[in-house]
Amino acid sequence: MKTRRIGRTELEVTEVSFGGAALGGLYRTCPREQAMETLEAAWDSGIRYFDVAPWYGLGLAERRFGDFLRDKPEKEWVLSTKVGRLLRPVPTGTVPDYSYVNPLSFDADYDYSYDGIMRSVEFSYARLGLNRIDILYVHDLGGYTHGAAKNAAHQQQFLDTGIKALEQLKSSGAIKAFGLGVNEVPVCLDVMRNADIDCILMAGRYTLLDRSAEAELLPLCRRKGTSLVVGGVFNSGILATGPVPGSHFDYMPATEEVLAKVASMEKIAIKHGVPLAAPALQFPFRDPLVSSVLIGTAKASSLRRNMELFEPALPESIFPEFDSLTLVAPPLGEDAVRV
């Protein structure tokens, strides 16, 4: 599989990467054997960049990714995880409902400080059982997760001390790159005006349907040499399923406006003889800022099916036909699940 560089670093990642929320039991249980089978399918397909987080299954996904990668050739894979939440043990049966099924018995506290980030990294090493993490993303800064008032405090904490932890880890060679792992554009603009970062894992804001990142974020990334890793290309599923009953956009039931736009998009795809998921997966690669497209699933069969949609490459002429149907998403609801 082809690779692309992360920012101005020397690190290169495969154009398709694998994300671990589903292997942590997001929305439905994921038995260990199934998780390992899915990771093996990703490896067999040529994926060598794997992304996980303490939040995914409250430590469960990190344990599984570490167990899987430990037996793979060390120089072949790239791993990212996230900081910003510290896990603490809680009694069995008292884990709050964060939409993870059968998570480990932990809860999470936000901490974007220097000490919090350093502790988070050490805890991740222990859960992973690995001696290397290549990329660290600061997870879920922003008003969608915290609300405006709390986010102001968290963001200031990060800019005052947390960023220094990441810079120190990178300069020491402990990590090769760092950035933000978020679902929203404004926090990226705020942070990038005050600090330099290598990359952004952006979920759902640079997709065939939602182009929220285009107006300000992409030009700023171009000026500062910051790469994008694009997740959420199906916008919570609707660009994969189409506008079927019960389809979701941004973690919530799709509105009539979104259903109508996606229905029109589906007609365009059908006219070209491809499922809508194919242009949805291939769209982000049109911009050289995009280092990788992140896909996530808990089923090996779904992984293989998605990989088939990356080939052959669609003609450039198909994509402008979708432009009039795009939208800028409203803020995520209070009950949205951030991954």
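A donor-acceptor pair under 3.5 Å is absent between the side-chain atoms of Arg63 and the main chain of Gly129, judged by distance alone. Under the 3.5 Å distance criterion, the side-chain polar atoms of Ser236 are matched with a main-chain donor or acceptor of Tyr251. At distances below 3.5 Å, not a single donor-acceptor pair connects side-chain atoms of Arg28 with backbone N or O atoms of Gly25. A donor-acceptor pair under 3.5 Å is absent between the side-chain atoms of Thr241 and the main chain of Val244, judged by distance alone. Between the side chain of Asp198 and the backbone N or O of Ala177 there is no donor-acceptor pair closer than 3.5 Å.
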Enumerate donor-acceptor pairs with a distance under 3.5 Å from any side-chain N or O in residues 289-301 to protein atoms, sequence neighbours excluded.
| unit_1 | atom_1 | unit_2 | atom_2 | d |
| --- | --- | --- | --- | --- |
| Ser291 | OG | Arg5 | O | 2.7 |
| Ser291 | OG | Ser227 | OG | 3.1 |
| Ser292 | OG | Thr14 | O | 2.8 |
| Ser292 | OG | Glu15 | O | 3.2 |
| Ser292 | OG | Ser17 | N | 3.4 |
| Ser292 | OG | Ser17 | OG | 2.8 |
| Thr297 | OG1 | Lys299 | N | 3.2 |

Which pairs of donor and acceptor atoms, one on a side chain in residues 189-197, lie under 3.5 Å apart (sequence neighbours left out)?
| unit_1 | atom_1 | unit_2 | atom_2 | d |
| --- | --- | --- | --- | --- |
| Asn194 | ND2 | Asp190 | O | 2.8 |
| Asp196 | OD1 | Lys224 | NZ | 2.9 |

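With salt bridges taken as basic N to acidic carboxylate O contacts below 4.0 Å, none links Asp111 and Arg119. A salt bridge is absent between Glu10 and Lys176; no separation between the charged side-chain nitrogens and carboxylate oxygens falls under 4.0 Å. Ion pairing between a basic and an acidic side chain is recognised when a charged N comes within 4.0 Å of a carboxylate O; Asp109 and Arg85 show no such pairing.
Under the 6.0 Å cut-off for aromatic ring centres, Phe283 and Tyr206 qualify, their centroids lying closer than that.
Remark: Tyr114 pairs with no residue by the ring pair (Phe, Tyr, Trp, His ring centres under 6.0 Å) rule, at least two apart or across chains.
The cationic atom of Lys72 (NZ for Lys, CZ for Arg) lies less than 6.0 Å from the six-membered ring centre of Trp43 and within 45° of the ring axis.
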